[in-house]
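One structure is given below, encoded as structure tokens.
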Amino acid sequence: METLYTFLLLAVGSALPYLAASPKASLLYPYGKDQGDSVNPKADDGNSPEIFIKTSFSFYGKKYDSLFANNNGVVSFGKNVSQYTPDPFPLDDAVPFVAPYWADVDNDIAGDIFWRQTQDPGLLSQFTADISRYFPVISFTPIWMFIATWEQVAYFGSASDKVNTFQAVLATDGEISFIMLNYADIQWTTGIASEGDPATGLGGIPAQAGFDCGDKKNYYNIPGSRTPEIINIGNTTNVGEPGRWVFQVDLLFIGAPTATSDCLVK
Ligand SMILES: *[C@@H]1O[C@H](CO)[C@@H](O)[C@H](O)[C@H]1NC(C)=O
Ligand SMILES: *[C@@H]1O[C@H](CO)[C@@H](O)[C@H](O)[C@H]1NC(C)=O
């Protein structure tokens with residue numbers, strides 16, 4: 001009994017600082033070095049190497065076999081993205097991507113970008129359970145996931161200690177695919193090269209969240225994108241859980257009413 005008590009006290013004691021550091025850590029799927037994640041090099045506007053994925057990922061009716069975790073808050077298919085100021089969707093340059101929070105991250109100043117592919121049965125069932133809770137009519141059993149996490153990342157030109165923590169999870173069964181965007185802690189919207197204020201990380205052209213299929217036509221913007229309101233994304237949701245946005249992105253667009261037709265890219 002005494003041993004159990006000691007164990008419980010230790011467990012609680014060590015969990016508290018982590019929860020305090022990241023207000024909504026519970027929204028995030030497990031990530032980090034101890035999960036076997038890779039980490040992007042420290043470089044302003046940098047990216048991961050091209051990641052060849054184990055199961056092709058269907059996005060707007062097209063299958064992709066590689067992706068990049070880009071420092072500036074974007075997971076792109078087939079080609080990296082170094083642009084730091086978000087252009088409005090639909091994009092002109094035709095790179096298909098998912099943007100959990102596209103803005104001018106500088107991980108040279110603070111923070112890390114972690115990523116991994118996983119087929120861990122526990123995580124796959126967690127995702128299955130999440131989808132069936134949010135969309136009871138859909139039966140989806142993923143066989144592959146990609147988890148990219150921006151942990152306590154600073155903005156370019158920062159003169160503050162503000163940092164953002166957010167995550168993009170991609171999951172597919174080989175045909176149907178979903179994305180889940182998780183916002184644990186958002187403190188800034190804009191780097192100084194996007195006309196942001198160095199002291200606050202606000203103003204200028206704020207971050208954009210959503211996804212664009214690369215055909216110059218079809219996209220989805222999370223409300224508040226490229227406006228000061230995006231700072232509150234940790235309090236917004238399309239699935240009844242503040243800080244979380246979930247979309248089916250292969251062909252059907254649940255929760256994404258503006259993106260109803262197939263991507264025109266072939
Ligand atoms: C990524 O983009 C930059 C800038 O456009 C380019 O110089 C670089 O070669 C690209 N890296 C990869 C791995 O594709
Ligand atoms: C959510 O809203 C509450 C109350 O308005 C506020 O205190 C909090 O900072 C907000 N959180 C985020 C992540 O925006």
Side-chain angles (χ1 to χ4, degrees), residues 31-33 35-60 62-118 144-151 153-158 164 166-170 172 177 179 181 188-196 201 204-216 219 225-226 249 263 265-266:
Y31 71 93
K33 281 252 167 82
Q35 299 292 327
D37 279 1
S38 298
V39 186
N40 281 4
K42 298 276 184 192
D44 183 38
D45 304 330
N47 52 261
S48 68
E50 183 167 17
I51 303 160
F52 293 95
I53 62 182
K54 292 177 177 140
T55 307
S56 58
F57 188 88
S58 200
F59 185 59
Y60 276 97
K62 198 180 173 197
K63 290 196 171 178
Y64 294 93
D65 295 315
S66 79
L67 47 76
F68 290 84
N70 302 280
N71 288 2
N72 290 334
V74 167
V75 175
S76 55
F77 299 102
K79 191 167 181 273
N80 68 325
V81 172
S82 58
Q83 191 176 327
Y84 50 85
T85 302
D87 277 335
F89 293 150
L91 299 172
D92 268 343
D93 63 356
V95 181
F97 69 62
V98 172
Y101 200 80
W102 184 14
D104 198 359
V105 166
D106 191 345
N107 65 340
D108 243 343
I109 297 177
D112 276 305
I113 294 95
F114 296 96
W115 54 268
R116 75 183 181 286
Q117 310 186 51
T118 179
W144 172 92
M145 287 165 69
F146 180 75
I147 303 174
T149 310
W150 287 255
E151 184 191 55
V153 291
Y155 53 95
F156 179 76
S158 174
N164 289 341
F166 56 95
Q167 182 177 68
V169 181
L170 281 63
T172 186
S177 45
I179 60 170
L181 310 177
W188 61 265
T189 63
T190 322
I192 66 167
S194 315
E195 298 154 49
I205 300 172
Q208 172 158 242
F211 46 95
D212 186 297
C213 88
D215 66 353
K216 307 187 185 182
Y219 64 94
S225 285
R226 294 180 88 252
V249 295
C263 184
V265 168
K266 290 294 169 223

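Just so you know, ligand 1 is whichever comes first in the structure, and atom 1 is the first atom listed for that ligand.
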* **Check: Gln167/Tyr31 side-chain N/O donor and acceptor closer than 3.5 Å** => no
Just by distance, with hydrogens left out, do Asn40 and Trp115 show a side-chain donor and acceptor under 3.5 Å apart?
yes
Result for side-chain hydrogen bond (donor to acceptor under 3.5 Å, both in side chains) between Asn70 and one of Ser48, Ser76, Ser82 points to Ser76
Distances for all N or O pairs of ligand 1 and the protein under 3.5 Å?
residue	atom	partner	partner atom	Å
ligand 1	2 (O)	Asn80	OD1	3.4
ligand 1	2 (O)	Asn80	ND2	2.4
ligand 1	11 (N)	Asn80	ND2	3.1
ligand 1	14 (O)	Asn80	OD1	3.4

Side chain to side chain contact (heavy atoms under 4.5 Å, CB included) filter on Asp108, not counting sequence neighbours, yields Lys42, Asp106
Test ring pair (Phe, Tyr, Trp, His ring centres under 6.0 Å) on Tyr84 and Phe156 and set out the steps. CA-CA 9 Å; Tyr84 50 85; Phe156 179 76; 7.0 Å; no
Donor-acceptor check, side chain of Gln208 to backbone of Asp87, threshold 3.5 angstrom: yes or no? yes
